[in-house]
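So the structure is just underneath, and the comments pick up after that.
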Amino acid sequence: MTKSTALTPEQIACVYAWLAQLFSHELDTQKLAQIQSAEMADWFSTLKSEAALCTEVQLLESKIATLHVRHDAQLELAADFCSLFLMSDKQSALPYASVYPHMKQANEHVKCLLLEAGLQSHDAFNEPIDHLSIILELLSHLHFSSGELHLSLEKIEILRQKTLDMLLQWLPEFNAQCMRYDEFGFYSALSQLLYALVQLDQCPLNFVKPR
């Protein structure tokens, strides 16, 4: 099955890279201002042109709008990030593939995928290699690479599908835990957008060429 999408490979790559950043570190004051900016609102309008993402983008927009009236929004979001992604108790959504059932070999699996793509994890990001953000950066790289004529599109497509298949073995549970434990709902909205994007991306895509 092939799906048509209103987004370009570069736009999908940017969404993956943006989500990777948001799942890797707490939002500082500058990044919080960025997601509340007019430029970001324009970007969300672009994403809503893809029907498969429209509902999730609207949910995220509603959570961002609520941040304007949330007391100490930056500090509260930092606390949300910490409780969801950095705690080891049961009321969390740990962003590491290897903590989920049947994913004990995830570190080696991700390492192999990165090697196939000619990448390695960045030393400045002091997290295990199976962190969600590293996997999303890989998917971003593969979508950017699909537009480079000197690379094998067949090889990129095979590697993209392998990465998506691995991610989908644990992303649904990660998303469910975000929805269950993120009381405010900003990171839950992000995880739902990510899940919708990965489901869209799972099928070979026909990209609409810009006019």
Side-chain angles (χ1 to χ4, degrees), residues 1-24 35 43-64 84-85 93-103 106 109-110 113-114 116-117 130-147 153-182 185-209:
M1 177 180 177
T2 300
K3 290 184 179 180
S4 295
T5 176
L7 302 177
T8 67
E10 291 79 11
Q11 287 171 329
I12 291 181
C14 287
V15 181
Y16 275 128
W18 179 66
L19 290 169
Q21 183 184 66
L22 292 177
F23 282 117
S24 65
I35 68 168
W43 173 234
F44 288 148
S45 294
T46 298
L47 296 186
K48 285 186 290 187
S49 68
E50 170 50 60
L53 304 180
C54 188
T55 298
E56 288 74 18
V57 174
Q58 289 174 335
L59 174 62
L60 180 58
E61 287 179 311
S62 72
K63 297 302 177 182
I64 291 172
L84 271 174
F85 305 134
L94 296 180
Y96 310 100
S98 58
V99 305
Y100 293 87
H102 314 299
M103 297 299 297
H109 195 169
V110 176
L113 291 171
L114 291 172
E116 285 187 61
D130 66 328
H131 192 284
L132 176 62
S133 291
I134 292 175
I135 300 169
L136 299 186
E137 287 286 3
L138 170 58
L139 287 168
S140 176
H141 168 78
L142 292 172
H143 273 281
F144 273 125
S145 297
S146 67
L153 293 181
E154 182 180 3
K155 179 180 178 181
I156 292 170
E157 175 63 14
I158 291 172
L159 185 53
R160 185 177 68 86
Q161 289 294 339
K162 287 166 64 176
T163 305
L164 290 167
D165 289 346
M166 184 274 293
L167 182 57
L168 281 168
Q169 291 182 56
W170 63 280
L171 186 63
E173 185 174 350
F174 171 82
N175 179 53
Q177 290 177 345
C178 285
M179 294 172 67
R180 182 178 180 182
Y181 297 121
D182 182 18
F186 173 76
Y187 287 104
S188 171
L190 286 180
S191 72
Q192 290 174 74
L193 175 58
L194 171 60
Y195 190 26
L197 177 64
V198 170
Q199 288 177 303
L200 171 68
D201 200 14
Q202 190 179 25
C203 290
L205 299 176
N206 283 332
F207 295 98
V208 176
K209 295 181 180 180

Distance-only polar pair, side chains of E137 and S133, donor-acceptor under 3.5 Å: no
Side chain to side chain contact (heavy atoms under 4.5 Å, CB included) between L136 and W18, worked out: CA-CA 9 Å; L136 299 186; W18 179 66; over 6 Å; no
Side chain to side chain contact (heavy atoms under 4.5 Å, CB included) evaluation trace for T8 with H143: CA-CA 9 Å; T8 67; H143 273 281; over 6 Å; no
CD1 on I135 to CG on L113, rounded to 0.5 Å: 8.0 Å
Side chain to side chain contact (heavy atoms under 4.5 Å, CB included) evaluation trace for S191 with F23: CA-CA 9 Å; S191 72; F23 282 117; 4.3 Å; yes
Contact check, side chains of L194 and L132, non-hydrogen atoms, under 4.5 Å: yes
Shortest non-hydrogen separation from A93 to F174 and the atoms involved: O-CE1, 3.2 Å
Flag side-chain contact, heavy atom, 4.5 Å: H109 against K162: no
Spacing of Q161 atom CD and D201 atom CG [to the nearest 0.5 Å]: 7.5 Å
Closest heavy-atom pair and its distance - S188, N175: O-OD1, 4.4 Å
Within-4.5 Å side-chain heavy-atom neighbours: L59 and S62: yes
Heavy-atom side-chain proximity of I35 to F186 below 4.5 angstrom: yes
Spatial distance of atom CD (Q58) from atom CG (L47) [nearest 0.5 Å]: 11.5 Å
Under the salt bridge (charged side-chain N to carboxylate O under 4.0 Å, His left out) test, residues paired with E173 that sit two or more places apart: none
Gap between atom CG of L60 and atom CD of Q192 - 0.5 Å precision: 10.0 Å
D130 vs W170, side chain to side chain contact (heavy atoms under 4.5 Å, CB included): CA-CA, chis, key distance, verdict: CA-CA 11 Å; D130 66 328; W170 63 280; over 6 Å; no
W43 side chain reached by V15 side chain, heavy atoms, under 4.5 Å: yes
Distance (rounded to the nearest 0.5 Å) between D182 CG and Q177 CD: 12.5 Å
Separation of L138 CG from M166 CE (nearest 0.5 Å): 7.5 Å
Residues forming a side chain to side chain donor-acceptor pair (under 3.5 Å) with K48, sequence neighbours excluded: E61
Those residues that, when tested against T55, pass side chain to side chain contact (heavy atoms under 4.5 Å, CB included) (two or more places apart): none
Heavy-atom donor-acceptor pair, Y100 side chain to L94 backbone, under 3.5 Å: yes
C178 and F85, any side-chain heavy atoms less than 4.5 Å apart: yes
Closest heavy-atom pair and its distance - A52, E56: O-OE1, 3.4 Å
Minimal non-hydrogen separation, K63 against A189, with atom names: CG-CB, 4.1 Å
Close side-chain approach of E116 to I158, heavy-atom, < 4.5 Å: no
Donor-acceptor contact present, side-chain T163 to main-chain L159, <3.5 Å: yes
Nearest heavy-atom neighbours spanning Q11 and A6: OE1-O, 4.2 Å
E50 side chain near I12 side chain, heavy-atom distance below 4.5 Å: no
